[in-house]
Protein chains: 2
Amino acid sequence: MYVILVYDIKERRVQRMLKLCRQYLNWIQNSVFEGEISPVKLKELISRAETIIRPDEDSIILFKSREEKWLEKEVIGYEKNELNTFI
Amino acid sequence: MYVILVYDIKERRVQRMLKLCRQYLNWIQNSVFEGEISPVKLKELISRAETIIRPDEDSIILFKSREEKWLEKEVIGYEKNELNTFI
């Protein structure tokens with residue numbers, strides 16, 4: 001399935017979340033990831049993310065689409081996920 | 001169509017972008033909006049957004065799905081779009 005993941009978490013936990021998400025998905029913008037992922041791998045990502053976040057302070061939202069082709073992506077302005085940004 | 005909009009823009013332009021996006025979509029998380037919108041209204045939003053951003057510094061990404069039902073949404077942790085957050 002195709003997933004878009006956005007997180008809004010406290011600064012002190014961002015680095016760990018960033019590192020985790022980059023193991024499963026593609027960073028495309030500040031706090032935003034996308035990519036193809038299997039249900040098993042997504043479950044693994046979520047359970048690992050739950051060990052990082054504080055559920056009363058942090059928020060992760062996942063948008064899941066069975067097919068990437070059902071989602072049309074448009075970038076306006078500067079496309080940050082290119083190799084010109086090293087994070 | 002159903003749209004997810006994420007932006008990553010310089011601090012000094014965030015307020016204007018936030019105000020604009022809230023006229024068309026629902027704020028769900030820091031820099032993230034979603035909602036049903038017509039092609040005409042989306043075009044209007046994009047052209048107004050382009051008057052705000054600096055394309056060489058700022059980035060807006062739109063994910064468009066013809067049907068909301070093709071997108072399954074999952075929130076982990078704190079759901080920020082409830083009325084408990086006033087922005």
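Every chain is numbered from 1 and lettered A, B, ... according to where its sequence line falls, protein lines coming before strand lines. Everything quoted here is computed from the prediction, not taken from an experiment.
In terms of heavy-atom pairs under 4.5 Å with chain B, the best-connected choice from A/Glu74, A/Glu57, A/Arg66 is A/Glu74.
Under the 4.5 Å side-chain criterion, counting only non-hydrogen atoms from C-beta, B/Leu71 is in contact with A/Leu71. With contacts defined as side-chain heavy-atom distances shorter than 4.5 Å, the pair B/Ser31/A/Asn30 does not qualify. Counting heavy atoms from C-beta on, the side chains of B/Ile4 and B/Phe33 never come closer than 4.5 Å. Under the 4.5 Å side-chain criterion, counting only non-hydrogen atoms from C-beta, A/Val32 is not in contact with A/Leu5.
Using a 4.5 Å cut-off between heavy atoms, A/Val75 contacts chain B through both its backbone and its side chain. Of the two parts of B/Asp56, only the backbone, made up of N, CA, C and O, holds a non-hydrogen atom closer than 4.5 Å to a non-hydrogen atom of chain A. Of the two parts of A/Asp58, only the backbone, made up of N, CA, C and O, holds a non-hydrogen atom closer than 4.5 Å to a non-hydrogen atom of chain B.
Comment: A/Glu34 engages A/Lys73 in a salt bridge, judged by a side-chain N to carboxylate O separation of less than 4.0 angstrom.
There is no path of hydrophobic side-chain contacts, each under 4.5 Å, that joins A/Trp70 to A/Phe63.
By a heavy-atom distance cut of under 4.5 Å, B/Val6, B/Tyr7, B/Asp8 are the residues of residues 6-16 of chain B near chain A, going up by number. Within residues 36-53 of chain A, the residues that have a heavy atom under 4.5 Å from a heavy atom of chain B are A/Ile46, A/Glu50, A/Ile53, listed by number.
Heavy-atom minimum distance, A/Gln29 versus B/Ser59: NE2-OG, 3.0 Å.
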